[in-house]
Structure formats: C-alpha cells, structure tokens
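Here is the structure we will look at.
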Amino acid sequence: MKRSVAGGDKLIRGALLLTGLAILFWSGLEDNDASAVTLLGALSSVSLTLWLLSRVAVGFALTPHHAALTGALTGALAALCTAALMLFKNLRHAHIFPDYPAGMLLAALERLPFWAIAGALAGLGIGLLLAARLSEGDNL
C-alpha cells in the first residue's frame, strides 16, 4: 500500500533537495571561504531537523521546551554539518594543500556548544512566541 505525501512532507523534501543541489554546486567550486560552508552547514542542519521532526514528532503539540530542544539540536547539527562539508570538499578536491585545513575543521567543531546554546535560545523564543499567540487566540 502506497502512502500519500502530505503538503508539509513535500515542502521538507523540496528543502532537502535544494540543500543537496546547493551543496553539489558549492563542492565543485574552487573556494576556501568559511562563510559559504557555514551557511550551507546551517541550511543542511535546518533541513535535517525538519525532516527528523516530521518523522518523529507527528501529532505532538510544540511546547516551548520542545522548541528549545529542537533549536539546540539544530545548532549542534550546524557545527557538525559545517565540519562534515569542509571534510567532504577536502576529500573531493584532494589538493596537496586542502581547501580547509585541520585547524578550520577543529574551529568549526569548537563552536558546537555555543551554536547549540544559541539554537536553544532561538528555539525557546520561537516556542514562547507560539505559546503566546495560541493563548491569545484562546482569549478571543
């Protein structure tokens, strides 16, 4: 039996596809700038977190502490995805001097706790805004 794809599933699949295409395009360029890989790492972490939530948290209400945990996961994944993309480009190009040396990879991984905290705070803020909006709608 074939399961039909919901509208939200199509949006998440489209985001994953566009992220993959952007990574494919970026990996072919001769560029060692850290801003592009950081942006792609953050984009891929958001796409992966949305996909994971669509699989795991179907039918659950989003509370502020769940939003904070989701934000922390997104922030931590951003650091991991950034380092993985740097390593992927180093391996794909295979230069004598890599595009992203080991120091840059470690610097991206050192940011993991700070990005996780920033993601948790952003998620908490979003969760509180959603909770306030929902409680405001109940009063009307």
Side-chain angles (χ1 to χ4, degrees):
M1 181 161 75
K2 191 172 185 178
R3 193 180 89 167
S4 66
V5 179
D9 252 4
K10 287 182 183 179
L11 183 66
I12 292 169
R13 286 182 185 180
L16 284 169
L17 179 67
L18 287 178
T19 302
L21 288 174
I23 289 171
L24 184 67
F25 175 73
W26 164 81
S27 69
L29 299 176
E30 287 294 333
D31 182 30
N32 58 0
D33 184 28
S35 60
V37 70
T38 304
L39 181 66
L40 283 173
L43 181 65
S44 60
S45 73
V46 168
S47 298
L48 287 172
T49 303
L50 285 175
W51 176 78
L52 181 67
L53 282 178
S54 73
R55 297 287 173 234
V56 173
V58 175
F60 289 106
L62 184 67
T63 61
H65 65 277
H66 288 131
L69 288 174
T70 302
L73 174 68
T74 304
L77 262 177
L80 293 174
C81 287
T82 300
L85 286 172
M86 287 178 175
L87 183 62
F88 170 69
K89 190 166 184 181
N90 284 344
L91 294 174
R92 183 168 187 243
H93 286 217
H95 298 303
I96 294 173
F97 299 106
D99 292 337
Y100 301 105
M104 285 182 78
L105 285 160
L106 288 175
L109 291 175
E110 286 174 350
R111 289 172 172 78
L112 189 141
F114 302 109
W115 287 1
I117 291 169
L121 291 174
L124 180 64
I126 291 170
L128 289 173
L129 285 173
L130 287 174
R133 185 171 180 168
L134 289 175
S135 68
E136 182 181 290
D138 291 341
N139 293 336
L140 294 177

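Bear in mind that the values here come from a model prediction, so they are computed numbers and not experimental data.
Contacts of His65 classified as ring-ring contact (aromatic ring centres under 6.0 Å, His included), with partners at least two apart in sequence or in another chain: none. Shown here are the side-chain contact (heavy atoms from CB on, under 4.5 Å) partners of Pro64, two or more places apart in sequence or in another chain: Leu124, Leu128, Ala131.
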With a 3.5 Å cut-off and sequence neighbours excluded, list the donor-acceptor pairs that the side chains of residues 35-42 form with protein atoms.
from, atom 1, to, atom 2, distance (Å)
Ser35, OG, Asp33, OD2, 2.5
Thr38, OG1, Ala34, O, 2.6

Identify every side-chain donor-acceptor pair in residues 106-122 under 3.5 Å, counting partners at least two apart or on other chains, and give the distances.
from, atom 1, to, atom 2, distance (Å)
Arg111, NH1, Ala107, O, 2.7

Side-chain polar contacts of residues 74-87 - donor-acceptor pairs under 3.5 angstrom, sequence neighbours left out - could you list them?
from, atom 1, to, atom 2, distance (Å)
Thr74, OG1, Thr49, OG1, 3.3
Thr74, OG1, Thr70, O, 2.9
Thr82, OG1, Ala78, O, 2.7

Below 3.5 Å, can you tabulate the donor-acceptor pairs from side chains in residues 17-26 to any protein atom, sequence neighbours excluded?
from, atom 1, to, atom 2, distance (Å)
Thr19, OG1, Ala15, O, 2.7
Thr19, OG1, Ser47, OG, 3.0

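In the hydrophobic clustering (ILVMFWY side chains linked at under 4.5 Å, chained through shared members), Ile96 is joined by Phe97.
Side-chain contact between Arg55 and Asp9 is present, with heavy atoms from C-beta onward closer than 4.5 Å.
A chain of hydrophobic side-chain contacts below 4.5 Å, direct or via other Ile, Leu, Val, Met, Phe, Trp or Tyr residues, connects Leu16 to Leu50. Ile12 and Val46 end up in the same hydrophobic cluster when Ile, Leu, Val, Met, Phe, Trp and Tyr side chains are linked at under 4.5 Å. By the rule that hydrophobic residues join a cluster once side-chain heavy atoms approach within less than 4.5 Å of another member, Leu69 and Val56 end up as members of separate clusters.
Partner Asp99 forms a side chain to side chain contact (heavy atoms under 4.5 Å, CB included) with one of Glu30, Met104, Arg92 and no other, that one being Glu30.
In this structure, Lys89 contributes its side chain and Pro98 its backbone to no donor-acceptor pair below 3.5 Å.
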